[in-house]
J.: 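So that we are looking at the same thing, I have put the structure below in structure tokens.
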Amino acid sequence: SAEFWVRHVREAVRFLDGIRWLESRGVTAYLEIGPGGVLSALGQDCQTATGPRAAAFLPALRTGRPETRSLTAAVAGAHVRGLSPDWATRFAGAAARRAELPTYAFQRDLYWPRDPFTDLSEPADGRELGLTDAKFWEVVDSEDLAALAATLGVDGDEPLSGVLPALSAWHRRHRDRDTVGGWRYRVTWKPLTDTEPGPLAGHWLLAIPAGHADDPWAVAAARTLAARGATVNTVTVDAAADDRTALALRITETLAGAPETAAPAGVLSLLALDERPHPEDPALPAGLAATLALVQALGDADVAAPLWAATRGAVSTGRSDRLAGLAQAPLWGLGRTVALELPDRWGGLVDLPPTPDERAAGRLADVLGGLGTEDHLAVRSTGVFVRRLTRAPQEQPPAGEWTTSGTALVTGGTGALGRHVARWLARTGAEHLLLVSRRGPDADGAPEL
Ligand SMILES: NC(=O)c1ccc[n+]([C@@H]2O[C@H](COP(=O)([O-])OP(=O)(O)OC[C@H]3O[C@@H](n4cnc5c(N)ncnc54)[C@H](OP(=O)(O)O)[C@@H]3O)[C@@H](O)[C@H]2O)c1
């Protein structure tokens, strides 16, 4: 009414009193029907209740946000507070259905789709009971009192009241060990079968380290790419002389003179083969530094093609597969980081055997053409192997307590985990602790630590 608005303009609004009065009447939810959330924000400040007892303020519209989303958020906000709207009305005529929510803690159903390439699923049924329980019941089954008493660490004549705490402590200890054992994984290599390679075509860039033009793999890679119908341009990289900028320029120039004007289809880097120490930092293999520069330069030169980084003998696919190129192994760490940070222009990592016979070279071409979604591969004389993470349960308890002496170096030693590690090392007998970080003694809590 006109009178209402006149009063509204001329008299005090008493918003605070209004909210407090509503609160005293047990109102726990407010829906703001208006052009924004101003009153909801004000209302929150006016109520006295806090924490879970505080009322919900739900603006139906928010300035600058899509109306549908704001209204849906308000309705959802009401729903989770037990004020369910009539959902049938909301979705009338729409193809909506109820979905089961993921189960929680007590019902261990896997909700997310299984990744077919990484078998980290729960242990198979045989392990479900846990090694601990199985061993315990084995002892019980044998009805061997002495063995049971020894297992629990109690006297054989102990009454049940004495056995129970021992039993419980034993169970807790072993359950913890089983749990931690379940977090252990190892890398294994599996032969890849039944995967047809994709076609190799278009223009490829081949990056080889300076002084390695005659390397059998440099020769074989260029020849195999060409044999499969790709055109190839080689870029030679000198880790000591070529920085990111120089390299980007070289790539741009090389591509300008390429036979096809289309963007390159792929890049193969053999830069890791340069195992020499980097002249500026001898701890760093030159090939690793050159690969990093190449990754950056390709980005600078706007080359969106996937980069494959090859190593030779940098991984071992099995006991008889010798690690010959240990200095190239760090590339597998760098490669995984690049894969995470620049997934759209990363091809993968491929490890090569010592010599490129025709079959091995052909397998490299298969890898570059694409073998499914595999991006961690090793070419060997017996076939192509792919990297897998598998569970590595701890079958045996540790042989003894871990002890240390002398100085223990903890990198990131002032961080959240570093502190725990440092204290634990001190408890286990480390004579000196060297805690390393950027801020050093200036890190929060470092003096106390
Ligand atoms: N906390 C967890 O629950 C958890 C779980 C799984 C894995 N992690 C991993 O474990 C590692 C440590 O975790 P956190 O929680 O202890 O992390 P944090 O509290 O951030 O500690 C990081 C430590 O590393 C130091 N640091 C960081 N950058 C450095 C650099 N460039 N050079 C030298 N020192 C550097 C930091 O000190 P300054 O800043 O002074 O350099 C600090 O001491 C991280 O890689 C984390 O991802 C943590």
Side-chain angles (χ1 to χ4, degrees), residues 102 104-105 108 110-112 114-115 117-123 172-173 175-188 239 243-244 277-297 299 309 314-315 326-327 329-344 346 349 375-376 387-394 398 401-449:
Y104 194 56
R108 291 167 56 81
L110 193 67
Y111 177 70
W112 302 108
R114 276 172 205 275
D115 175 0
F117 301 104
T118 322
D119 183 19
L120 300 182
S121 49
E122 289 302 307
R172 238 189 340 266
R173 210 167 45 240
R175 197 186 43 207
D176 288 352
R177 211 174 63 199
D178 275 0
T179 304
V180 175
W183 295 338
R184 293 157 50 98
Y185 300 94
R186 70 160 65 93
V187 170
T188 54
D243 63 3
R244 169 181 181 166
H278 193 276
E280 276 169 41
D281 185 349
L284 185 67
L288 185 70
T291 309
L292 175 60
L294 177 68
V295 171
Q296 294 169 328
V315 302
L326 209 52
L331 191 91
W332 282 70
L334 174 67
R336 279 197 283 278
T337 306
V338 178
L340 291 172
E341 295 190 358
L342 306 168
D344 45 341
W346 181 248
L349 289 157
D375 58 0
H376 287 74
R387 185 179 183 269
R388 292 285 183 264
L389 267 189
T390 46
R391 284 185 179 272
Q394 193 172 20
E401 288 293 307
W402 188 82
T403 55
T404 184
S405 62
T407 302
L409 165 69
V410 186
T411 57
T414 55
L417 291 189
R419 280 154 202 264
H420 282 290
V421 173
R423 293 207 167 91
W424 175 75
L425 280 164
R427 276 200 304 274
T428 26
E431 289 154 36
H432 302 281
L433 291 172
L434 182 54
L435 311 182
V436 179
S437 71
R438 288 165 306 185
R439 282 167 299 164
D442 295 335
D444 292 342
E448 296 84 344
L449 179 65

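Indexing begins at 1, ligand by ligand and atom by atom, following the structure's order. Computed from a prediction, not measured in an experiment: that's the story for all the values here.
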J.: Angle between ring planes, W402 versus W424, binned at 30° and 60°: parallel, tilted or perpendicular?
T.: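 Ring orientation of W402 relative to W424: parallel.
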
J.: Quick one, R423 with L449, criterion side chain to side chain contact (heavy atoms under 4.5 Å, CB included). Give me CA distance, side-chain angles, the key distance, then yes/no.
T.: CA-CA 8 Å; R423 293 207 167 91; L449 179 65; 3.7 Å; yes

J.: Return the protein residues near ligand 1 (heavy atom under 4.0 Å from any of its atoms), ordered by chain and residue number.
T.: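 G412, T414, G415, A416, L417, S437, R438, R439.
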
J.: Any donor-acceptor pair under 3.5 Å linking the side-chain atoms of T428 with those of T404?
T.: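 No donor-acceptor contact under 3.5 Å links the two side chains.
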
J.: Say whether, by atom type as modelled, one donor and one acceptor occur between the side chain of R419 and the main chain of T414 under 3.5 angstrom.
T.: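 Here the side-chain-to-backbone pair exists.
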
J.: Can you tell which of V338, L331, L334 makes a side chain to side chain contact (heavy atoms under 4.5 Å, CB included) with L349?
T.: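 The side chain to side chain contact (heavy atoms under 4.5 Å, CB included) with L349 is passed solely by L331 among V338, L331, L334.
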
J.: Assess whether side chain to side chain contact (heavy atoms under 4.5 Å, CB included) is satisfied between L409 and V436, documenting all intermediate values.
T.: CA-CA 7 Å; L409 165 69; V436 179; 3.4 Å; yes

